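In what follows, chains are A, B, ... by sequence order, proteins preceding strands, each numbered from 1. Reckoned from all heavy atoms, side chains included, excluding hydrogens, waters and symmetry mates. Remember, predicted model here, so these are calculated numbers, not experimental data.
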2 protein chains.
Amino acid sequence: MPYTLKDIAEKTGVSVSTVSRVLHDNSQKYKISEDTQAKVKAVAKSFGYRVNALARGLRTQKTNEIGVIVPDISNPFFSAVIKSVAGELRKKNYNFIVYDSDEDISIERSAIKSLLEKHVDGLVIASVGQDFSHIQKIREANIPFVMVDRCFDDFDADSVSVDNVKGALLAVNHLIKSGHRRIAFIQGLPGTYANETRLEGYKSALTSAGISIDENLIVGDDFRSLNGYLETKLLLKLSNPPTAIFTAGDLIALGALEACRENNISIPDDLSLITFDDPVFTTYLSPPLSAVEQPISKIAEMAIAMLYRRMKNPNDERRKVLLEPKLNVRGSVANISTLAFIPITNNNQTGKEQINKSGSA
Amino acid sequence: MPYTLKDIAEKTGVSVSTVSRVLHDNSQKYKISEDTQAKVKAVAKSFGYRVNALARGLRTQKTNEIGVIVPDISNPFFSAVIKSVAGELRKKNYNFIVYDSDEDISIERSAIKSLLEKHVDGLVIASVGQDFSHIQKIREANIPFVMVDRCFDDFDADSVSVDNVKGALLAVNHLIKSGHRRIAFIQGLPGTYANETRLEGYKSALTSAGISIDENLIVGDDFRSLNGYLETKLLLKLSNPPTAIFTAGDLIALGALEACRENNISIPDDLSLITFDDPVFTTYLSPPLSAVEQPISKIAEMAIAMLYRRMKNPNDERRKVLLEPKLNVRGSVANISTLAFIPITNNNQTGKEQINKSGSA
DNA sequence: TACTTTACTGCAAACGTTTGCGTTAAATAA
DNA sequence: TTATTTAACGCAAACGTTTGCAGTAAAGTA
């Protein structure tokens, strides 16, 4: 039973329309007198009037809300994306609604359903799956959307992500230059865009270096830390174990670290480790983790910018944008090219090959 | 221009009411014949009908949505809380809308305004501020809410948080037992519930141990990592620096670690460190960080449970619930009680004093 | 036969806005 | 004076639902 325009109208003796116009900045367009404006505003204030967004949305067919769906809100990468998106949207006076699909496509499906029912004005999606039939529905519903981080090669949609292939190339090439030849890759969820592209970069780096691909060194099946933990344990059991591991995501790397710690494997002395993603705490790890950094705030800004264009011009050509990754060389990769044992401190010499190309492609 | 009940009604030749009843499980109550049911459902499916949540909410005065407001979505603690809350709500078929107030009370204020305008059915708030006038408005609007993590002593509201005083006591007592007497406290945002209660625990631990409180050792002013970094640098400059630091939150601890690394201060040999909060990566830090863990999923479950009770019984007595913290002793605190230098491995002896009382109070 | 129940469906109001159009009275123009 | 503009506001429809209340025809009961 909040106060409504009608209540204010009755109290002030003007019509509902007039109250509406006063309260929502159409006073000059409809030339409402200063007198009534003051009267209406006073009553509205004393009533603590708040517009009913449902009624307004119903009438105007516009909600001023953007829906955001991510696979895992507790993943530092996605929470950083959300944070940036939130900032961008706030600037433009949009609200947003976040859904966590929990890496589950059926939850993602129902999240999309909910958001469409709510009639959001736009959608930002980091999709979990290999299947995009539910994404199609968004297009059919005629609501603008943009995909981030995870997109589909064979689905024509606005999307923005880091250049995963290049990122993986940077990481694996760094390992190769440091003398590694047996390099394992712990995957994320197979079939997802992020995973397949990173895998592609991994393979491509190896083959260009003339290293044959050993399928036994490509393991794992999701982006969580437990996956990294288990697969690392298994890799260490191999008769001919890898000298380096490249993990597809930060949580996987954490799991790998845990496994190493438990097995008394010292990084980088016994095993080198490098990972995709570069959350805030990598530098505090022991040792600081070498990692491929994604330009998170650029991704968010670009996503919102593209969403805006799409909202303005629904029929523009659709674009897939790739942003440049950056390799941060720290202390978790040993140079084994010349000697078996090299003091850790020497490692910093490789710091000079740090690559820093930021900017968009 | 999505399809509406009216479209379906026209296509099938029945009334809008009938369509509504068929499509939303009131068929048996209104005894709709199997025939019409089938007909309506078929057409609805072929149209890809989706209910308009705005219209429904307007009509029923119920949105099935819960609003959630946190100060910083990228803080691992809060993203974990959100994740748990999301799971709980999903079980009960509620949707939820997250807002990030960015530790800014004016954003928090406008978030509350938005959520009230949207007519959410309930609210979960981790408030940033010292002021609760805007929270009062939620009560005036008569919508159920519960405060988590950060609540107000002098504001009677449902709330659930960890027992901060006890948590701080656990941490500081552990330091004291390890022989420390000069113990610094790097605060979070002064005036907030979390900070003041942790400060209280800190002081209380010192005084019970007969250690006088040195105001020079109580520093800092927010929960971010930069704060920890700066204050640690300053503490190290003191003519009589502390032997141990207790930080009010995980990000502060990260900042402290960074400062120590830069100054070549070895933890725990040169300085002991212990912190409130225990995010997933503490165990991978160098050294693994001793920390006070909050029962995050219990907090979330309890919050939602309380919210439910409040929604059922709006006039129940209000409760403030405190959950038990847990001290996780790891490797970042040195025992200096007997000797100046003790091998790190000895430290694990203190492991037996690990306290693990879970459950609610 | 007459009356009551039952199965099934429709009418229409209501939720709180926004907005095109119309209306009135005063001001201005011719 | 009359015609036209302008300032200020109200009417009423529309957005898409839900739901209490009627209403009708058939079936059951006495």
Whole-Å gap separating [atom2] ([N]) and [atom1] ([X]):
X	N	atom1	atom2	answer
A:K6	D:dC11	NZ	P	13 Å
B:R21	D:dG20	CZ	P	9 Å
A:N52	D:dT17	CG	C1'	14 Å
B:E10	C:dG10	CD	C1'	15 Å
B:K39	C:dC8	NZ	P	13 Å

Task: Pair listing, side chain to side chain donor-acceptor pair (under 3.5 Å) test, anchored in residues 69-80 of chain B, at least two apart - done: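 Found A:K83-B:D72, B:D72-B:S74.
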Looking only at the side chain of [X] (C-beta and beyond, no hydrogens), which of the listed nucleotides [options] gets closest?
X	options	result
B:Y49	D:dT17, C:dT9, D:dG10	D:dT17
B:V51	D:dT17, C:dT17, C:dG10	D:dT17
A:L58	D:dG16, D:dT17, D:dG10	D:dG16
A:T4	D:dC15, C:dT17, D:dG10	C:dT17
B:T18	C:dG10, C:dT17, C:dT19	C:dG10
B:K31	D:dG10, C:dT17, C:dC8	C:dC8
B:S20	D:dT19, D:dG10, C:dT9	D:dT19
B:R56	D:dC15, D:dT17, C:dC11	D:dT17

Open item on the list: By the 4.0 Å heavy-atom rule, please label B:V14 as base, sugar-phosphate, or nothing.
Closed with: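 Contact class for B:V14: sugar-phosphate only.
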Task: 5' precedence on DNA chain C between B:S33 and B:A55 (nearest-nucleotide basis) - done: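 Comparing both residues, the 5'-ward one is B:S33.
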Task: Pairwise 5' ranking along DNA chain C for B:D35 and A:L54, keeping only the more 5' one - done: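 Upstream on the strand: B:D35.
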Task: Heavy-atom check, side chain of B:V120 versus side chain of B:I143, under 4.5 Å - done: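 Yes, close enough: below the 4.5 Å cut-off.
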Task: Check: B:Y94 ring centroid to B:Y308 ring centroid under 6.0 Å - done: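 They qualify: ring centres under 6.0 Å apart.
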Task: Name of the residue among B:V68, B:V70, B:I138, B:L115 meeting side-chain contact (heavy atoms from CB on, under 4.5 Å) with B:I125 - done: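 The residue from B:V68, B:V70, B:I138, B:L115 that satisfies side-chain contact (heavy atoms from CB on, under 4.5 Å) with B:I125 turns out to be B:I138.
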Open item on the list: Measuring to OP1 and OP2 of C:dA14, would you say a side-chain N or O of B:Q61 lies under 4.0 angstrom away?
Closed with: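 False: B:Q61 side-chain N/O out of range (4.0 Å or more) of C:dA14 OP1/OP2.
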- [ ] Answer yes if the side chains of A:D35 and A:S33 hold a donor-acceptor pair under 3.5 Å, and no otherwise.
- [x]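 No - no donor-acceptor pair under 3.5 Å links their side chains.
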Open item on the list: On DNA chain D, does the nearest nucleotide to B:Y3 precede the nearest nucleotide to A:G13 from the 5' side, or the other way round? Give the residue.
Closed with: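 Residue closer to the 5' terminus by nearest nucleotide: A:G13.
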